[in-house]
Colleague: 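This is the structure I want to talk about, given as structure tokens.
Counting convention: from 1, in listed order, for ligands and their atoms alike. Nothing here was measured: the structure is a model prediction, and the numbers come from that model.
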Amino acid sequence: MNTKINLNPDYIVSLIKSALNRGNGPFPLHEPLFAGKEWEYVKDCLDTGIVSSIGKYVVNFEEELARYTGVKHAVAVVNGTAALHICLKLAGVEQGDEVLLPALTFVATANAVHYCGAVPHFIDSDTTSLGVNPGKLEDYLKDIALVKNDFCFNRQTMRPVKAVVAMHTFGHPVDLDPLLEVCRKCKLELIEDAAEALGSYYKKRHVGSFGKLSSLSFNGNKIVTTGGGGAVLTNDSNLAKLAKHLSTTAKLPHPWAFFHDRVGYNYRLPNINAALGCAQLEQIDLFVRNKRALAEKYRQAFSGAQGIALFTEQGYAQSNYWLNVLLLDEEYEGMRDPILLTANHNGILARPPWVLLNKLPMYQSCPHMDLSIVESLERRIVNIPSSARLGEG
Ligand SMILES: *Cc1c(COP(=O)(O)O)cnc(C)c1O
């Protein structure tokens with residue numbers, strides 16, 4: 001096959017279209033699907049007037065999230081960024097600490113670290129997961145870290161390094177076992193940013209159940225949406241209680257008195273949003289099935305192409321394929337932008353990945369390790385339309 005013909009942007013777009021096979025679009029990157037009891041549950045909130053703070057949908061949503069993910073406790077909050085903020089606080093991240101996190105993630109991951117007064121420290125990715133590279137992290141920590149009395153210090157900055165945030169990129173699970181081992185050796189807490197990974201499994205266990213604390217997001221573009229929302233997951237009952245306490249202004253329960261025992265946050269998820277979430281969660285199996293079916297269509301459409309392929313899950317993983325990724329071979333990285341241009345002209349709203357966070361003005365001066373793998377990935381990733389409805393039938 002002639003690679004030059006194969007990497008013609010028009011040809012790439014025709015392959016995407018052949019997998020979609022649904023008229024002319026436009027095809028947004030990720031649209032929500034409301035095919036269940038959304039109307040019924042939201043109407044119930046309006047009919048009863050219970051739209052805000054406490055309500056049965058919040059309780060139900062938290063229970064169903066815990067059941068679905070196999071984690072003991074879920075605490076619903078107002079968005080995924082707030083969930084991350086609570087996770088970091090409860091992991092003990094404080095002013096002046098460093099937190100290791102991937103350079104390739106949504107800005108929220110670093111912002112939440114910054115909200116704690118801590119410093120993001122960017123780490124490289126793995127070509128097999130697109131997330132944290134445990135081997136490279138371990139080598140790096142051998143170089144720069146001093147582990148003493150259960151604490152980890154950065155010998156270059158003399159700041160305590162408290163935690164690693166692993167993000168499951170576009171729904172693909174990070175290789176968690178070796179990462180947990182690195183965390184154990186270096187006395188670091190593991191937090192999972194599972195915002196994109198509801199419905200993804202690592203060795204048959206749902207992601208978000210490996211870290212001490214994990215966060216989910218239910219933003220409008222995520223696999224399940226509450227309009228805006230998030231959740232903290234943890235197997236630790238005390239941390240779950242604290243997560244609830246901190247996210248509800250740290251008010252002590254009392255029939256009428258307002259007593260707050262620390263600075264808390266107004267991060268609770270309103271009942272009306274949770275109602276939407278309950279209806280959405282009832283359809284998660286369908287969403288995941290459709291998204292995996294869509295990924296398979298893309299995989300097949302690109303199986304004959306050279307220089308570009310659908311990024312697929314590892315043997316240890318079952319991915320929700322939240323956002324499908326076309327990955328260019330290194331010699332074709334210059335084709336990323338021409339493909340994006342042609343796709344968007346054709347109503348296929350393909351996107352590049354996030355700009356690496358170490359390149360953003362507010363995080364430019366933060367510490368980072370060698371980022372050569374993720375820098376290459378950034379130049380070669382194209383996200384393509386991934387709405388659940390596109391995998392139907
Ligand atoms: C969506 C997302 C979040 C949280 O986003 P919110 O919009 O605050 O819910 C955090 N991290 C990643 C990687 C995300 O994709």
Side-chain angles (χ1 to χ4, degrees), residues 28-32 61 65 74-89 91 93 99-116 120 122-123 125-126 129-132 163-174 176 190-200 207-208 211 213-233 243 247 265-270 273-274 276-277 280-281 287 291 319-325 351-358 360 363 374 377-378 381 383 386-387:
L29 198 59
H30 201 287
E31 278 182 313
F61 188 48
L65 278 174
V75 176
V77 294
V78 73
N79 57 50
T81 313
L84 273 168
H85 187 194
I86 297 287
C87 287
L88 291 159
K89 281 248 161 211
V93 174
V99 174
L100 300 158
L101 68 140
L104 183 69
T105 178
F106 180 52
V107 69
T109 320
N111 284 348
V113 171
H114 190 84
Y115 299 163
C116 296
F122 300 110
I123 57 181
S125 293
D126 212 319
S129 72
L130 308 178
V132 173
V164 180
V165 184
M167 198 278 280
H168 304 295
T169 317
F170 309 127
H172 293 288
V174 161
L176 284 157
L190 178 67
I191 294 167
E192 290 173 79
D193 179 349
E196 305 177 352
L198 189 66
S200 295
V207 298
L213 295 136
S214 305
S215 61
L216 294 173
S217 167
F218 311 112
N219 190 32
N221 62 349
K222 295 292 169 21
I223 188 159
V224 156
T225 187
T226 58
V232 174
L233 302 178
S247 61
Y265 301 89
N266 182 14
Y267 279 173
R268 69 194 161 64
L269 184 72
N273 296 82
L276 201 52
Q280 286 270 287
L281 209 46
F287 293 169
K291 289 170 72 66
S319 172
N320 68 6
Y321 285 90
W322 172 60
L323 280 192
N324 283 289
V325 173
R351 293 284 178 266
W354 311 279
V355 170
L356 299 182
L357 298 189
N358 59 300
L360 300 181
Y363 297 126
V374 77
L377 286 171
E378 187 206 20
I381 288 174
N383 285 124
S386 300
S387 308

Colleague: Quick one: look up the protein heavy atom nearest atom 5 (O) of ligand 1 and list residue, atom name and how far away it is.
Modeller: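 Of every protein heavy atom, Ser217 OG, 3.8 Å lies nearest to atom 5 (O) of ligand 1.
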
Colleague: Which residue and non-hydrogen atom of the protein lie closest to atom 6 (P) of ligand 1, and at what distance in Å?
Modeller: Gly80 N, 3.5 Å

Colleague: Trp322 versus His168: any side-chain heavy-atom pair under 4.5 Å?
Modeller: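 Side-chain contact under 4.5 Å: no.
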
Colleague: Got an N/O contact under 3.5 Å between Trp322 and ligand 1?
Modeller: no

Colleague: Any luck finding a side-chain donor-acceptor pair between His172 and Ser129 under 3.5 Å?
Modeller: no

Colleague: What I'd like to find out is whether the side chain of His85 reaches to under 4.5 Å of the side chain of Tyr267, using heavy atoms alone.
Modeller: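 SC-SC contact between His85 and Tyr267 confirmed.
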
Colleague: Answer yes or no: is there a side-chain heavy-atom contact under 4.5 Å between Pro353 and Leu104?
Modeller: yes

Colleague: If you count the atoms of ligand 1 from 1 in the order shown, which ones are under 4.0 Å from a heavy atom of Met167?
Modeller: 13 (C)

Colleague: side-chain contact (heavy atoms from CB on, under 4.5 Å), that's the test. Do Ser215 and Asp193 meet it? Break it down for me.
Modeller: CA-CA 5 Å; Ser215 61; Asp193 179 349; 3.7 Å; yes

Colleague: Could you find the nearest protein heavy atom to atom 15 (O) of ligand 1 and give me its residue, atom name and distance?
Modeller: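 It is Glu196 OE2, 2.5 Å.
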
Colleague: At less than 4.0 angstrom from any non-hydrogen atom of Ala108, what atoms of ligand 1 do you find?
Modeller: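 Under 4.0 Å from Ala108, ligand 1 has these atoms: 10 (C).
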
Colleague: Hey, would you say the Tyr115 and Tyr265 ring centroids sit under 6.0 Å apart?
Modeller: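 No, the ring centres sit 6.0 Å or more apart.
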
Colleague: After noting the C-alpha distance and the side-chain angles of Leu360 and Leu357, does the key distance pass the side-chain contact (heavy atoms from CB on, under 4.5 Å) rule?
Modeller: CA-CA 5 Å; Leu360 300 181; Leu357 298 189; 3.7 Å; yes

Colleague: So which protein heavy atom does atom 8 (O) of ligand 1 come closest to, and at what separation?
Modeller: Thr81 OG1, 2.5 Å

Colleague: Please report which non-hydrogen protein atom sits nearest to atom 10 (C) of ligand 1, along with the residue it belongs to and the distance in Å to one decimal place.
Modeller: Asp193 OD2, 3.6 Å

Colleague: What protein heavy atom lies closest to atom 3 (C) of ligand 1? Include the residue and the distance to one decimal.
Modeller: Ala195 CB, 3.6 Å

Colleague: Do Thr169 and Thr105 come within less than 4.5 Å of each other through their side chains, counting heavy atoms only?
Modeller: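 A side-chain contact is absent here, since even the closest heavy-atom pair is not under 4.5 Å.
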
Colleague: Below 4.0 angstrom from a heavy atom of Thr105, which ligand 1 atoms are there? Numbered from 1 as shown, please.
Modeller: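 That gives atoms 13 (C) of ligand 1.
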
Colleague: Tell me which protein heavy atom sits closest to atom 2 (C) of ligand 1, plus the residue, atom name and distance to 0.1 Å.
Modeller: Lys222 NZ, 2.8 Å

